[in-house]
**Student:** 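Submitted below is the structure of interest, expressed as structure tokens.
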Amino acid sequence: GTIASKADNSSHTAGYQVDLTIQDLLNSIPDISRICEIEYEQLCNVDSKDMDEELLFKIYKGISDSLQTFDGIVITHGTDTLAETAFFIESTIDTGDLPIVFVGSMRPSTSVSADGPMNLFQAISIAANSKSRGRGVLVSLNDQISAGYYITKTNANSLDSFNVRQGYLGNFVNNEVHYYYPPVKPLGCHKFKLKISPHSPGISLPRVCILYAHQTMDPSLIELVTEKYEGIVIATMGAGSLPNAVNQCCLNMKIPTVYSKRTMDGMVPIANLPKGADTNSNFIIASGYLNPEKSRILLQLCLAGNYAMEEIRLVFLCVYGG
Ligand code: ASP
């Protein structure tokens with residue numbers, strides 16, 4: 001992502017190319033050698049809009065294979081989809097006490113006041129710090145430490161680009177890592193066991209798409225989607241609200257249909273699902289606090305594990321209180 005990018009000149013903060021290596025990034029923070037010993041591996045070098053399942057599984061495998069070897073792991077990642085990868089990793093790897101820290105930047109390396117080097121310095125310091133143990137997958141950006149499970153990118157441009165309504169876990173100031181709470185992991189986070197054969201690079205996850213609701217939404221879109229996908233997530237207008245005609249189509253669906261929300265805050269409670277949706281005769285699920293992109297990953301993982309409808313409902317219910 002941007003953390004590994006160069007622009008044409010020092011005032012450009014858009015339209016840049018991702019081409020720096022992890023070695024280049026580490027060269028920009030020589031003082032880090034006073035904090036810990038580092039080993040690194042270049043798994044890929046892409047804008048995070050191009051993250052696909054193959055790359056996701058490379059990261060999954062890279063982390064899984066390193067759990068016994070290191071005291072902490074840092075993953076540099078584009079900020080656009082960093083929260084999705086962090087959610088995927090928290091949902092699929094039992095990290096034990098090991099800190100896994102995701103980090104990115106909003107300004108390219110060539111820009112005046114580039115934020116990448118300090119963000120990376122902080123992320124490595126956080127991963128190396130024993131106070132970070134037992135906290136699962138973390139995101140370190142802009143001096144703040146957050147749970148990767150909950151965090152969302154909320155600003156497309158500014159340095160203060162991430163927000164977490166469940167609260168920041170800590171802060172980084174002048175080489176010190178400060179946590180506000182004792183070690184804690186996301187409550188109700190379902191851990192999926194991926195079945196990956198040692199000979200294949202990964203598995204492909206079932207296809208789930210996201211539809212964004214709006215005034216005058218065409219209900220036939222819902223039916224069209226079923227031809228190609230095994231599940232749907234809908235970003236509903238509020239706490240589960242959709243036009244009646246769209247609700248009617250959803251009640252007739254034969255594939256899991258998650259009601260999530262367009263808004264960043266709040267949640268979709270079961271009570272707001274269309275009448276009849278709380279019975280076992282339909283396939284509608286409330287996303288709770290989960291946003292559409294994280295709901296999509298959760299549903300993909302449930303489908304990959306061949307979970308029955310009641311189990312899928314339970315996974316969503318446990319994660320966010322449904
Ligand atoms: N487009 C970039 C990415 O996600 C944005 C960033 O890293 O800040 O890869």
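As the structure is a prediction and not an experimental result, all values here were calculated from the model. Values below: all heavy atoms of this structure, side chains included; hydrogens, waters and symmetry mates excluded. Both counts, for ligands and for their atoms, begin at 1 and track the order of listing.
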**Student:** Where do N272 and A239 come nearest, in terms of heavy atoms and distance?
**Tutor:**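 For N272 and A239, the tightest heavy-atom pair comes out as ND2-O, 2.8 Å.
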**Student:** Taking I3 as the starting point, is it possible to reach V18 by hopping between hydrophobic residues whose side chains are less than 4.5 Å apart?
**Tutor:**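 Different hydrophobic clusters.
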**Student:** In a table with atom names and distances, give each donor-acceptor pair under 3.5 Å that connects a side chain of residues 208-216 to protein atoms at least two apart or in another chain.
**Tutor:**
none

**Student:** Identify each donor-acceptor pair in which a side-chain atom of residues 246-255 lies under 3.5 Å from a protein atom, sequence neighbours left out, and give them as a table.
**Tutor:**
{"unit_1": "N247", "atom_1": "OD1", "unit_2": "Y259", "atom_2": "OH", "d": "2.7"}
{"unit_1": "N247", "atom_1": "ND2", "unit_2": "L242", "atom_2": "O", "d": "3.4"}
{"unit_1": "N252", "atom_1": "ND2", "unit_2": "Q248", "atom_2": "O", "d": "3.3"}

**Student:** Should we count NZ of K6 as having more than 12 external heavy atoms under 6.0 Å?
**Tutor:**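 No, the 6.0 Å shell around NZ holds no more than 12 heavy atoms from other groups.
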**Student:** Under a 3.5 Å threshold, I'd like every N/O contact between ligand 1 and protein atoms, with atom names and distance.
**Tutor:**
{"unit_1": "ligand 1", "atom_1": "1 (N)", "unit_2": "D47", "atom_2": "OD1", "d": "3.1"}
{"unit_1": "ligand 1", "atom_1": "1 (N)", "unit_2": "D47", "atom_2": "OD2", "d": "3.0"}
{"unit_1": "ligand 1", "atom_1": "1 (N)", "unit_2": "D80", "atom_2": "OD2", "d": "2.8"}
{"unit_1": "ligand 1", "atom_1": "4 (O)", "unit_2": "S48", "atom_2": "OG", "d": "2.5"}
{"unit_1": "ligand 1", "atom_1": "4 (O)", "unit_2": "T79", "atom_2": "N", "d": "3.3"}
{"unit_1": "ligand 1", "atom_1": "4 (O)", "unit_2": "D80", "atom_2": "N", "d": "2.9"}
{"unit_1": "ligand 1", "atom_1": "4 (O)", "unit_2": "D80", "atom_2": "OD2", "d": "3.3"}
{"unit_1": "ligand 1", "atom_1": "7 (O)", "unit_2": "T2", "atom_2": "N", "d": "2.9"}
{"unit_1": "ligand 1", "atom_1": "7 (O)", "unit_2": "T2", "atom_2": "OG1", "d": "3.0"}
{"unit_1": "ligand 1", "atom_1": "7 (O)", "unit_2": "T79", "atom_2": "N", "d": "2.9"}
{"unit_1": "ligand 1", "atom_1": "8 (O)", "unit_2": "T2", "atom_2": "OG1", "d": "3.0"}
{"unit_1": "ligand 1", "atom_1": "8 (O)", "unit_2": "T79", "atom_2": "OG1", "d": "2.5"}
{"unit_1": "ligand 1", "atom_1": "8 (O)", "unit_2": "S105", "atom_2": "O", "d": "3.0"}
{"unit_1": "ligand 1", "atom_1": "9 (O)", "unit_2": "D47", "atom_2": "OD1", "d": "3.1"}
{"unit_1": "ligand 1", "atom_1": "9 (O)", "unit_2": "S48", "atom_2": "N", "d": "2.7"}
{"unit_1": "ligand 1", "atom_1": "9 (O)", "unit_2": "S48", "atom_2": "OG", "d": "3.4"}

**Student:** Enumerate the salt bridge (charged side-chain N to carboxylate O under 4.0 Å, His left out) contacts for residues 293-305, please, sequence neighbours excluded, ordered by first and then second residue.
**Tutor:**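 Matches after skipping sequence neighbours: none remain.
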